[in-house]
There are 2 protein chains.
Amino acid sequence: MITNHETQPTRGVQLSEQVARQLTHAIHTGEMRPGERLPTEAALGERYGISRSVVREAISMLRNAGLVTSRRGSGSFVAEVPTVALRLAIPDPSLQSVIRLLELRRALEVEAARLAAQRRTPSQLRRIRNAMADIDEAVEVGADGVDQDMAFHRAIAEASNNTHFTAIIDFYNRFLHHAITVTRTNESLRETFMAQVIEEHQVIVDAIAQGDEEAAAQAAGRHLEHAEWRLRQAPTDLLERIEDTGADTPF
Amino acid sequence: MITNHETQPTRGVQLSEQVARQLTHAIHTGEMRPGERLPTEAALGERYGISRSVVREAISMLRNAGLVTSRRGSGSFVAEVPTVALRLAIPDPSLQSVIRLLELRRALEVEAARLAAQRRTPSQLRRIRNAMADIDEAVEVGADGVDQDMAFHRAIAEASNNTHFTAIIDFYNRFLHHAITVTRTNESLRETFMAQVIEEHQVIVDAIAQGDEEAAAQAAGRHLEHAEWRLRQAPTDLLERIEDTGADTPF
DNA sequence: ATTTATAATGTTGTCTGACAAATCCATCAG
DNA sequence: CTGATGGATTTGTCAGACAACATTATAAAT
């Protein structure tokens, strides 16, 4: 019983998808503003001449896409910061694949360092230095310092004042965590490696502190090059399946 | 009537989400392999002691996350290339925001050009040159050549042989399309701009052809710098809302 | 026996109706 | 004016049915 009282979704594909498209369009064009409540499921069903199930499926899609949030008893609302989903293949844990990730990371972090040198605020610089100190501390205690290392690089990304960098770096770092841990649990090489890492970090921070864009970019580039080299020294059989943290789902 | 015959989702949050979590976990750990068919909705409902509606919502989430695909009459199948969804804020169309995108693009394309120079295959180089020729052709006909321009940059990204670059560049290019179009519809500046662009492209391609990594990276960097400059010359009031192509939804 | 139609079965998509759980709102008591 | 209370609203879940499509088994025909 598809009567299409108001608008007629192009026939053919899934009804829920067609409705989801229309609602998405309304949100993207600003026809429905962030925070605004959308019509009730019953009302939407009435408007499009479809059942509530289909409406729910459509809204479910929007929810999964981060466009709306639903509260039981209250309604569904356009998200404050509408998002779109970038679907990316899950990197497999092979050495080859991790190196591809490092290449991406190099691209991002070189530029992030450059921008950070250009426009870091004093407080951002302070946070970078604190993160660097945290690494030293962790290493002295005997920890691997991987988390601190990532926090350090994240602080630089933040100082770029460009959210795109932080978003993507955050995303991929989840998959690099394991690989980096492996290189640092290699007992024989660990001490020399960490000394190198700390020294390379220092060069980057100095350049950022002095506002020397080119030096910062080059230092970051060298750091990532060396990171790849260090990774290749690690016994590859340690690079096994990426552990499932359960936190990498979009829910 | 929640009996949880096999596994008991931790009670509290949405049922569908809990089920989605479990299924996601099964897929990520490889317990269910790509291409494999998952149990029918009825069977899943039976297993978890929930109704079919909830199962459908859960599967809808997985579908939206790109983890499974469903075929009516056949079943739902684990996707061949499991993905995770990176949810990103939709860039607004302000000049400031577009420039942030260009910064990201510079990071990616500089490195992509470097890698392309390092390992492009002959056929990839051919495709890059064809794309460059397409731009010339479009310009001669009087078109803006934006699509061809993007195809050109995409060809370079492909030649990097690193899928991460192509995926991210593809994603963001949707939002840059409009901005670039604007700079090229500026009648007074168009001819000189296009001449510049074509010349800059030529330098990049030459470097890639000769396998000169450093030159390719520098040429790409300069190209993007100049792109930002050209954008700033365009009347900012033309930068209005990003047109909704309908193709930027994750459906 | 092999191939081609046909029927039977299984599965997802949609419809309908109902109730539970959470929220919102108006009314009323103090 | 404040706070409690009850009813109305709205999403979440359940249940059962049919439609649309796919797959498989069966029968027919050459």
Side-chain angles (χ1 to χ4, degrees), chain A residues 1-23 32 35-79 251, chain B residues 1-23 32 35-79 251:
Chain A
M1 194 242 280
I2 302 175
T3 26
N4 291 327
H5 294 280
E6 182 161 317
T7 19
Q8 57 281 26
T10 23
R11 77 183 73 260
V13 255
Q14 242 86 305
L15 281 179
S16 50
E17 183 174 321
Q18 300 175 38
V19 175
R21 274 208 149 81
Q22 299 210 7
L23 293 176
M32 304 184 106
E36 190 177 328
R37 212 192 86 174
L38 24 115
T40 70
E41 296 174 350
L44 285 173
E46 177 86 10
R47 173 188 304 181
Y48 294 116
I50 57 181
S51 75
R52 210 186 132 205
S53 332
V54 178
V55 174
R56 281 188 62 75
E57 287 240 13
I59 290 184
S60 166
M61 292 183 193
L62 302 197
R63 210 175 17 238
N64 292 334
L67 282 167
V68 309
T69 59
S70 302
R71 284 198 300 275
R72 161 187 259 178
S74 179
S76 294
F77 303 81
V78 179
F251 308 127
Chain B
M1 194 242 280
I2 304 174
T3 26
N4 292 327
H5 295 280
E6 183 161 316
T7 16
Q8 57 282 26
T10 23
R11 72 185 66 263
V13 255
Q14 241 86 305
L15 281 178
S16 49
E17 184 174 321
Q18 302 174 38
V19 175
R21 273 208 152 83
Q22 300 209 8
L23 293 176
M32 304 184 107
E36 190 176 328
R37 215 193 83 177
L38 24 115
T40 69
E41 297 175 351
L44 285 173
E46 177 85 11
R47 174 188 303 181
Y48 294 118
I50 57 181
S51 75
R52 210 185 131 205
S53 327
V54 177
V55 174
R56 282 188 62 74
E57 287 240 12
I59 291 184
S60 166
M61 292 184 194
L62 302 198
R63 209 174 18 236
N64 210 279
L67 281 165
V68 309
T69 60
S70 302
R71 286 199 298 276
R72 169 191 224 147
S74 180
S76 294
F77 302 80
V78 179
F251 307 129

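Below, chains carry the letters A, B, ... as their sequence lines are ordered, and counting in each starts from 1. Just so you know, these numbers come straight off a predicted model, no measurement behind them.
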Contacts under 3.5 angstrom, residues 54-62 of chain B side chains, donor-acceptor by atom type, not counting sequence neighbours:
from    : atom 1 : to      : atom 2 : distance (Å)
B/Arg56 : NE     : A/Glu57 : OE2    : 3.0
B/Arg56 : NH1    : B/Glu41 : OE1    : 3.4
B/Arg56 : NH1    : B/Glu41 : OE2    : 2.9
B/Arg56 : NH2    : A/Glu57 : OE2    : 2.7
B/Glu57 : OE1    : A/Arg63 : NH2    : 3.4
B/Glu57 : OE2    : A/Arg56 : NE     : 3.4
B/Glu57 : OE2    : A/Arg56 : NH2    : 2.8
B/Ser60 : OG     : A/Ser60 : OG     : 3.2

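Looking only at distances, a side-chain donor or acceptor of A/Arg37 sits under 3.5 Å from a matching main-chain atom of A/Ser74.
Residues A/Phe77 and A/Ser51 each lie close to DNA chain C; by heavy-atom proximity, the contact nearer the 5' end of the strand is made by A/Ser51.
Judged as a side-chain hydrogen bond (donor to acceptor under 3.5 Å, both in side chains), and not counting sequence neighbours, the contacts of A/Ser76 are A/Ser70.
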Verify side chain to side chain contact (heavy atoms under 4.5 Å, CB included) between B/Leu23 and B/Leu38, making sure each step is shown before the conclusion. CA-CA 9 Å; B/Leu23 293 176; B/Leu38 24 115; 5.6 Å; no
Show each protein N/O and nucleotides 11-13 of chain C N/O combination with a separation under 3.5 Å, one pair to a line.
from   : atom 1 : to      : atom 2 : distance (Å)
C/dT11 : OP1    : B/Arg37 : NH2    : 3.2
C/dT11 : O2     : B/Gly73 : N      : 3.4
C/dT12 : OP2    : B/Glu41 : N      : 3.2
C/dT12 : O4'    : B/Gly73 : N      : 3.4
C/dG13 : OP1    : A/Gln14 : NE2    : 3.3
C/dG13 : OP2    : B/Arg56 : NH1    : 2.8
C/dG13 : OP2    : B/Arg56 : NH2    : 3.1
C/dG13 : N7     : B/Arg52 : NH2    : 2.8
C/dG13 : O6     : B/Arg52 : NH1    : 3.3

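Computed from coordinates, the A/Glu46 CD to C/dG17 P distance equals 13 Å when rounded to whole Å.
Atom CG of A/Leu67 sits about 11.5 Å away from atom CE of A/Met32, to the nearest 0.5 Å.
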